[in-house]
Amino acid sequence: MAKIDPQLAKDVKKRRTFAIIAHPDAGKTTLTEKLLLFGGAIQMAGAVKGRKAARHATSDWMEVEQQRGISVTSSVMQFEYDNHVINLLDTPGHEDFSEDTYRVLTAVDAAVMVIDAAKGVEAQTIKLLEVCRLRNTPIITFINKLDREVRDPIDLISEIEEILKLECVPITWPIGMGKTFRGVFSLEKDQLVRFTPGEARVSEDAELIQGLDNPRLDELFPLEMGFVRESIELMQGVSNPFDIEKFLAGEQSPVFFGSGVNNFGVKDVLEALVKWAPDPLPRDGGARQVEPTEQPFTGFVFKIQANMDPKHRDRIAFFRVCSGRYTQGMKVRHLRENRDMKIPNALTFMANDRVSMTDAVAGDIIGIYNHGQLHIGDTLTEGENLGFTGIPYFAPELFRAARAKDPFKAKQLQKGLKELGEEGAIQVFEGEFGNLLLGAVGFLQFEIVAQRLATEYKVDAIYENTDVSTARWLSFPNEDVKKRFTDEQATRLAHDADGNLVYLATSIYNLQTTQKHWPDVEFHTTREKNQTFGE
Ligand code: G4P
């Protein structure tokens with residue numbers, strides 16, 4: 001066992017790396033901003049918000065994307081809180097970019113789930129939680145907007161438990177809601193945390209009221225306390241106590257109630273992150289498990305932001321450090337390309353600024369400038385042959401055939417789509433005759449890709465409808481089955497960007513029929529980077 005550098009171990013222990021997951025409008029942007037304010041990372045409320053507002057409409061979103069500097073700096077935010085270094089990774093709000101979100105989630109060690117207390121569990125929450133589940137990511141739940149007329153807390157908790165199959169343990173409990181929202185009772189500290197609308201922070205000199213049966217509570221909230229005590233009793237009768245092991249296994253979630261916009265409950269979330277969320281976790285490096293306190297530097301790329309400067313075709317690869325320490329100018333091994341490369345100048349992201357990074361350890365995210373050498377899922381080490389796993393690709397649900405308007409520009413189109421595919425902006429499949437098929441999770445992806453092909457690759461793409469309605473990655477029990485299947489189904493097959501064989505179904509019915517005919521063939525709805533099918 002290699003010797004552990006005590007300073008490295010100490011620095012790693014201080015890291016917390018997480019993302020906020022939420023259905024659009026639940027309050028993710030607001031919470032992000034308040035968390036940053038608490039961490040002292042931004043002075044001005046509205047900085048994050050402004051960016052989001054601009055993203056709302058497609059055209060605005062593109063404009064923002066043109067000044068990509070903004071969105072890049074905001075993709076990762078690092079700030080300090082209570083002697084810890086917190087890395088908050090932003091996930092795109094629009095559901096059409098959910099693939100991006102999934103990949104970001106592979107780079108975190110915990111997630112904060114925001115639920116709108118008036119709406120409960122929503123469609124996007126369900127999808128995001130499924131992804132967290134792939135890696136058993138520990139989840140802290142924040143039930144937001146208690147300053148509005150919302151649903152009964154017991155109702156909300158049961159809904160989360162039933163739909164998301166996630167055991168909930170309320171750590172705070174709301175007193176009233178909407179106009180009569182009085183605050184929360186902390187079941188952990190056994191005391192009242194009072195809410196005063198409009199007050200930015202809970203005042204330090206607030207009266208300390210300890211104990212749920214404290215008569216002072218009845219004096220203050222004569223109308224509410226009966227119901228509150230009843231609900232807490234009911235809830236505690238059916239729920240288990242908080243169990244850190246279950247939380248770390250992604251099976252149980254501590255729940256906080258609050259109002260992000262009023263800064264209420266935000267501190268609870270930060271405290272829970274510091275106290276309970278794991279410090280950087282070991283990662284599956286393919287050949288072996290990599291511990292965060294190991295001395296050699298390792299990590300993987302989980303996101304690419306390309307063509308920051310169209311003249312230079314540069315890209316920033318967002319890289320999660322999994323072990324060791326990044327030092328400026330260090331030489332690393334690029335495993336996929338099997339060659340060495342230097343990282344002369346990595347970036348870190350302090351809320352609104354890009355700062356040159358001189359030191360990073362496991363849990364931190366660094367931005368590496370490159371000219372296309374780095375792809376999503378790439379592993380860098382100091383020489384060891386590893387391949388971090390877990391970057392998911394999902395079978396797209398929307399398809400378009402693509403061709404260049406000007407046939408002489410077919411090559412440019414191919415190049416552009418290859419690069420945008422590598423960046424993860426869209427999935428690109430190549431059919432038997434070299435025909436290109438684009439697969440997306442959301443319609444907006446097609447639009448963005450067309451626009452970027454025009455501006456960055458100077459090629460106008462024409463999209464055409466296809467008969468493809470869904471795709472599945474394939475794996476075969478042996479070469480014989482593979483040959484018979486590929487011969488029979490040739491017209492319905494294509495290769496993805498990494499050369500994996502994909503079945504293109506015209507409908508779910510068509511897919512089911514084919515599956516029935518070929519019981520030995522496996523049809524996969526997701527694949528992981530560094531995982532190959534079809535062997
Ligand atoms: P998102 O990133 O998850 O999409 O949500 P965002 O934070 O942008 O919040 C969505 C809306 O909900 C915003 O209102 C925001 O102000 C509001 N909101 C967030 N937290 C709370 C809360 O605790 N209480 C209440 N009452 N509202 C909250 P908007 O009308 O879309 O924008 P704005 O006009 O308020 O800026």
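Each ligand, and each atom within it, is numbered from 1 in the order the structure gives. Residue numbers start at 1 and run along the sequence shown.
For Pro24, every heavy-atom contact with ligand 1 shorter than 4.0 Å involves the backbone, none the side chain. Both the backbone and the side chain of Asp25 come within contact range of ligand 1, each with a heavy atom under 4.0 Å. Using a 4.0 Å cut-off between heavy atoms, Lys145 contacts ligand 1 through both its backbone and its side chain. The proximity of Asp147 to ligand 1, defined as any non-hydrogen pair under 4.0 Å, is limited to the side chain.
A side-chain donor-acceptor contact under 3.5 Å links Thr141 and Ser253.
Any N or O atom pair closer than 3.5 Å counts here, and Leu31 shares no such pair with ligand 1. Note: an N/O pair closer than 3.5 Å links Gly260 and ligand 1 by distance alone.
Sorted by first and then second residue, the pairs that involve residues 243-266 and meet salt bridge (charged side-chain N to carboxylate O under 4.0 Å, His left out), not counting sequence neighbours, are Glu167-Lys246. Pairs passing the salt bridge (charged side-chain N to carboxylate O under 4.0 Å, His left out) check and including a residue from residues 169-184, sequence neighbours excluded, read Arg182-Glu224.
Residue Lys28 approaches ligand 1 through these ligand atoms, each under 4.0 Å from one of its heavy atoms: 1 (P), 2 (O), 3 (O), 5 (O), 7 (O). Residue-ligand proximity, Ser259 to ligand 1, at heavy-atom distances under 4.0 Å covers atoms 22 (C), 23 (O), 24 (N).
Ring geometry for Phe446 against Phe443 counts as tilted: the plane angle lies between 30° and 60°, on a 0 to 90° scale.
A donor-acceptor pair under 3.5 Å is absent between the side-chain atoms of Asp378 and the main chain of Leu374, judged by distance alone.
Screening Asn87, Thr106, Asp109 for a side chain to side chain donor-acceptor pair (under 3.5 Å) involving Arg320 leaves a single residue, Asp109.
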